[in-house]
Amino acid sequence: MQHTISKTLSETCTGVLKDLYQLEVESIEWQATRKEFAGDLTLVVFPYLKASRKKPEDTAQEIGTLLQERHAEVKAFNVVKGFLNISISDSYWQAVLHGIQDLENYGKGESLGRTTLVEYSSPNTNKPLHLGHIRNNLLGYSVAEILSAAGHTVKKVQIINDRGIHICKSMVAWQHFAEGETPETSGLKGDHLVGKYYVAFDKAYKEQIAQLMAEGKTEEEAKEHAPIFQEAREMLLKWEQGDAAVVALWQKMNAWVYAGFDASYRRLGVNFDKNYYESETYLLGKKIVEEGVAKGVFFKKEDGSVWCDLEAEKLGEKLLLRRDGTSVYMTQDIGTAIQRYEDFGIDGMIYTVGNEQDYHFQVLFAILKKLGYAWAENLYHLSYGMVDLPSGKMKSREGTVVDADDLMEQMISTAQKISEDLGKTDGLSEAEKNATHEMIGLGALKYFILKVDPRKRMLFNPEESIDFQGNTGPFIQYTHARIKSLLRKAGQMSIPNTGVYQSLAGIERDLIKQILNFPSIIQQAAADHAPSLIANYVYDLVKTYNGFYQQLAILNDENPAAVHFRIDLSRKTAAVVSSAMRLLGITVPEQM
RNA sequence: GGCCUUGUAGCUCAACUGGAUAGAGUACUUGACUACGAAUCAAGCGGUUGAAGGUUCGACUCCUUCCAAGGUCACCA
């Protein structure tokens, strides 16, 4: 509960505590009064008992009495054990609701003058995106939106792992088996085409291993000496030497993949301000490390390898440069971080990466701090759990990977089927219908994933997981569409403007309070990097609205003042629903 | 083995960061469409919050020890 009322109430309350008990308190914690009790805000008085030396009930009674005397908006209070429940006057709630005028920007924070960079997605270029990437993309994009709403200047980036043995495997297999196949000739999306040859490589590789083992080699020898694997390694070497033919093939196949990724990103509704490519950044960081050695932050072992001592942080020793002077992943990440600082002048950075890299980022952040960068204090690893299937982990080798494009398509066609069965979009054009089905199908998927705490691994059952009823994206979208329908109808009515709506119904007060909570929810979600807070908030809001809708006549009430008020309340609810959903990357329809 | 994360209704998730009788959805059982959109609403059923101790006015939340699941400890990325 962070309404403006709690601020003024806190000031009054501080004075009350001082006058009653000579108690100086820093801040006062208000919480929303639970539904089963009367009141709006609750003060827990247990912390003040030592000072008051009275029973909880008497203490609460005393504080309540003075609060009511001194604060005009306190209409009434009641005491239950050590809980002081305070009721705020209806006129206050109505006035604050009325004060919300800029619906488009309601809830957003003042500019903080801070630039925060959010990295997400960051795929390899040897295969298409899958369900794990979807969780990553949705989280990263949403956190970026939330930070932006909270007042940060946000830059969204990804680092594309476009070089290395994995893409060479696809390249080798394509040379052997593709007979010149391209996205155009095959009709396959580019990333899927390249993925197909990555699978083909693996198949051929396994066959060769089996053959060599049949000839008496050990498994390790076989893996090492399989001809196709040797070819991939040679290709990697040639790439590093800048061999023209290899580089040309590499560029051609990566271009296919990027075209495919672009299509997936566009459909998913995510975007980036800048792409980084490992082929351009993998040599970064070496210079920084050398400088670190000179400064004594890092040290060199006898064999020439460079390390960072993080025993004090309980992270052990970490290699930064190999014996032969080449860099490792960590070196590269150090260089990239600094590169980004130079590109954007960032104040902080968020890495959206799976939790299997928790240790890596602890080390990275510790090293950047050791190097003395101010922005290193504001680095955050947005770590998320794996997405499991009923059969267990997703494994590309066993073909149990849920493909991102397939999944989106499936969601959308499910939405279409349900929508057509209900027949509520009959008046729309084909293009409008398609847009609506996309909106609903993707809304279901996005909400399903974002409502869960990122740290938790989640189970995804393709058949059962995603509902369109209950605590779901479509439920929230439906409420929005229904409000919009109501408002369209209201627009055609002429309602005499007579006086002020007097007494609020309980559900109306609840709705106002929830709308007023939106700004603080955004701040909290930003501070916690937690889209799930937004998801839970908007769900609760919509549930309350549906109760309101059911209990009260909105357009048909005999009191015109009530009608005016309820239309205003409905319009503002719809605006908050739309804004909140947009923070999750979900759009809401006018009709569905 | 060391370290990190997670464990809440049959299932999927909450719990405002230590506050009141742990809440939603789903599934199951019922009731509500001649009312502004039933992808809705209302009611019932469902819990030893992994286990045992401890801290305190008060614990899902903090501490200790166990149990379970996952991750991680590469001169891989």
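Residue numbering restarts at 1 for every chain, and letters A, B, ... go by the order of the sequence lines. What you are looking at is a predicted structure, and each value in this text was computed from that prediction instead of being measured.
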Give Asn85(A) one of three labels, base, sugar-phosphate or nothing, depending on what nucleic acid heavy atoms sit under 4.0 Å from its own. base

Under 4.0 angstrom, heavy atoms only, what part of the nucleic acid is Gln551(A) near: base, sugar-phosphate, or nothing? nothing

Side-chain donor-acceptor contact under 3.5 Å, Tyr545(A) with Ser570(A): yes

When you get a sec, tell me which of C41(B), C36(B), C13(B) is the closest nucleotide to the side chain of Val452(A)? C13(B)

Between A14(B) and G50(B) - P atom distance, rounded Å: 14 Å

NZ or CZ of Lys300(A) within 45° of Trp307(A) ring axis and under 6.0 Å: no

Nucleotide nearest Arg482(A) when distance is taken to its side chain, options U17(B), U40(B), C13(B): U40(B)

Closest-nucleotide ordering on RNA chain B, the 5'-leading residue of Asp540(A) and Lys81(A): Lys81(A)

A9(B) and A27(B), which share atom name C1', separated by this distance in whole Å: 12 Å

Got a list of protein N/O to nucleotides 71-75 of chain B N/O distances below 3.5 Å?
unit_1 : atom_1 : unit_2    : atom_2 : d
G71(B) : OP1    : Lys393(A) : NZ     : 3.2
C75(B) : O3'    : Arg322(A) : NE     : 3.2
C75(B) : O2     : Arg323(A) : N      : 3.1
C75(B) : N4     : Asp303(A) : OD2    : 2.3

Using a 4.0 Å heavy-atom cut-off across all strands, classify Ser419(A) as base, sugar-phosphate, or nothing. base

Does Arg34(A) place a side-chain N or O at less than 4.0 Å from the phosphate oxygens OP1/OP2 of G23(B)? yes

Where the side chain of Tyr549(A) is concerned, which of G7(B), G19(B), A38(B) is the nearest nucleotide? A38(B)

Pairing check on A68(B): which nucleotide meets the Watson-Crick or G-U wobble criteria with it, both distances under 3.5 Å? U6(B)

What contact category does Pro454(A) fall into here, base, sugar-phosphate, or nothing, at under 4.0 angstrom with non-hydrogen atoms? nothing

Consider the side chain of Phe475(A), meaning its heavy atoms from C-beta on, and name the nucleotide among C41(B), C13(B), C16(B) that approaches it most closely. C41(B)

When the C1' atoms of U6(B) and A42(B) are compared, how many Å lie between them, rounded to an integer? 36 Å

Quick test of the criterion, 5.5 Å between centres and less than 30° between planes. Is Phe46(A) stacked on G19(B) or not? yes

Take atom C1' in G25(B) and the same atom in A35(B), then report the distance between them in whole Å. 27 Å

Assign Asn161(A) to base, sugar-phosphate, or nothing according to its heavy-atom contacts below 4.0 angstrom with the strands shown. sugar-phosphate

Across the strands shown, which category fits Leu459(A) at heavy-atom distances under 4.0 angstrom: base, sugar-phosphate, nothing? sugar-phosphate

Quiz item: Thr42(A) side-chain donor-acceptor pair to A20(B) base, under 3.5 Å: yes

Which nucleotide in the list G19(B), C36(B), A14(B) gets nearest to the side chain of Phe83(A)? G19(B)

Please determine, for the side chain of Asp453(A), which listed nucleotide (A69(B), A14(B), G19(B)) has the closest atom? A14(B)

Heavy-atom nearest nucleotide on RNA chain B for Leu555(A) versus Tyr539(A): which residue maps closer to 5'? Tyr539(A)

Testing U8(B), C41(B), G23(B) for proximity to the side chain of Asn546(A), the answer is C41(B)

